[in-house]
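These notes are about the structure you will find just below.
A, B, ... follow the sequence lines: proteins, then strands. Residue 1 opens every chain.
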2 protein chains.
Amino acid sequence: MTAPARLAPPPRERIIDAARDLFRKHGIKGIGVDAIAEAAESNKMTLYRHFGSKDDLVVVCIERAAAEAEGFWADLKAAHPDDPRAQLQDWVRRAGEFVTVAHCNCELLDAAAQLVESDHPARHVVEEIRKGHKRRLAALCRDAGVAEPDLLVDALTLLIEGARFNWRSTGPTGAAARFVAIAETVVTAFMAKSPCGGSSGRAH
Amino acid sequence: MTAPARLAPPPRERIIDAARDLFRKHGIKGIGVDAIAEAAESNKMTLYRHFGSKDDLVVVCIERAAAEAEGFWADLKAAHPDDPRAQLQDWVRRAGEFVTVAHCNCELLDAAAQLVESDHPARHVVEEIRKGHKRRLAALCRDAGVAEPDLLVDALTLLIEGARFNWRSTGPTGAAARFVAIAETVVTAFMAKSPCGGSSGRAH
DNA sequence: TGACAATGTTACCAACCCGTAACATTTACT
DNA sequence: AGTAAATGTTACGGGTTGGTAACATTGTCA
């Protein structure tokens, strides 16, 4: 048995997990490296040996969250091969789970929100990840035959970001709990008005 | 001229203004009282003489934002007396301005987001204000004859919170810039399906 | 067993931050 | 003018935080 890593993950992983959890709960600026190291059942020294600084740890956490989101898209495509409309419907459902489940990748949002007007190294990482999400979702909407795919993408973006935000502050009793029903209504509304221009007309 | 307060507002007001601005830019936990006092062209002592603590200052800032929102609702009703549909349409337009304008009352959102999992005294204040907004918006949707007013309220809530959030991180190039067009589409979609049940059916 | 890397422990530093004390200064009002 | 309140200035204390140094411990592999 040369690999006892099955039961106890190596400290690096424990630290990342603890950091993601605590960042989500208290915010990036709301938790200290000492608390993270303790929650990870490790210590501050090993934390600083793996990640040179708190900022670097934040970046690693965000990249980890982005990697998980990568799996999200892969699963989505695998579940409904060559059926973009079904993929879009399922996107709404799965996104709803990501909102309500505790272990969602809110780090992106937290980071984006808390690091405004600051030159935190995680900022452009978040930017890139967001762009990637938007690009994939836009492709999905386009393939699904939506009339104004870009506008639907923006609508879903606002809805899901608002839902994540709202869930954190009001919990299951707030508007975020009905994200799926709302998003489905919005999607069908955009599907319906395929040839006709929108209410306010702006073509694109 | 016993009132020279015309040119330079009293320090209390300057401090509140500066605090709101800096809280918005750097977050509640991201800025210190020293910086606030300096930005207000005052000093830490007078800050603490007016507001006993930083937490109290946060509460005052939030209440100030809520008071401004009060004027928002009053203007809305005054602009379209006895015409709830026009009020709802105008709500979307004005809410869009509140999103994009720099001096919006994001404090509520910021506070709500950053004080999760914390017993900050401002939390329940934010809760109350949110409830009030939701109640007013629900009444508006109901009076406007929407089929599922509660669901539309939640949809608009997610959209506007998402828009505020998105605006702060991506600015005018992000999805938040198209909030008005999106919200208008959603409202008309909800208006259209007055007798028929929604896609996912849940009546209420 | 011996050597080496990874991890843990303790202590420490400099910087920052909230809040207070004591004193100086300006402003407002009679 | 004169008094009192409001404001400004300086300094300080206790606490926390990010980050480092030095040393002890554990585990791994030959």
Would you please say whether a donor-acceptor pair under 3.5 Å links the side chains of A:Ser169 and B:Arg130? yes
Angle, rounded to 10°, between the helical axes spanning five pairs at each terminus of the helix from C:dT1-D:dA30 to C:dT30-D:dA1? 20°
Would B:Glu68 and B:Arg64 pass as an ion pair if we require N to O under 4.0 Å? no
Rounded to whole Å, how long is the line connecting atom CG of B:Leu22 with atom P of C:dC17? 12 Å
Roughly how far, to the nearest 0.5 Å, is CD1 of B:Ile15 from CZ of B:Arg20? 14.5 Å
Between D:dG18 atom P and A:Phe51 atom CZ, what is the distance in whole Å? 15 Å
Check the pair B:Arg49 / B:Met45 against side-chain contact (heavy atoms from CB on, under 4.5 Å), numbers first and verdict last. CA-CA 6 Å; B:Arg49 278 193 274 250; B:Met45 256 337 282; 3.8 Å; yes
CZ (A:Arg12) with more than 12 external heavy atoms under 6.0 Å: yes
Check whether more than 12 heavy atoms from other residues, nucleotides or ligands sit under 6.0 Å from atom NZ of A:Lys77, and answer yes or no. no
Residue pairs passing the salt bridge (charged side-chain N to carboxylate O under 4.0 Å, His left out) test where at least one lies in residues 27-43 of chain A, sequence neighbours excluded: A:Asp34-A:Lys44
Along nucleotides 18-25 of chain C, 5' to 3', which nucleotides get a B, which get an S, and which get a -, given that the test is a protein heavy-atom distance under 4.0 Å? BBBBB---
Using only side-chain N and O atoms of A:Arg14, determine if any of them is under 4.0 Å from OP1 or OP2 of C:dG8. yes
Could you check how far NZ of A:Lys29 sits from P of C:dC17, rounded to whole Å? 10 Å
Separation of A:Ile15 atom CD1 from D:dG19 atom P, in whole Å? 14 Å
For A:Asp56 and D:dG19, give me the distance from atom CG to atom P, rounded to whole Å. 9 Å
Is the phosphate of D:dT7, meaning OP1 or OP2, less than 4.0 Å from a side-chain N or O of B:His50? yes
Quick check: do B:Phe165 and A:Arg164 have side-chain heavy atoms less than 4.5 Å from each other? no
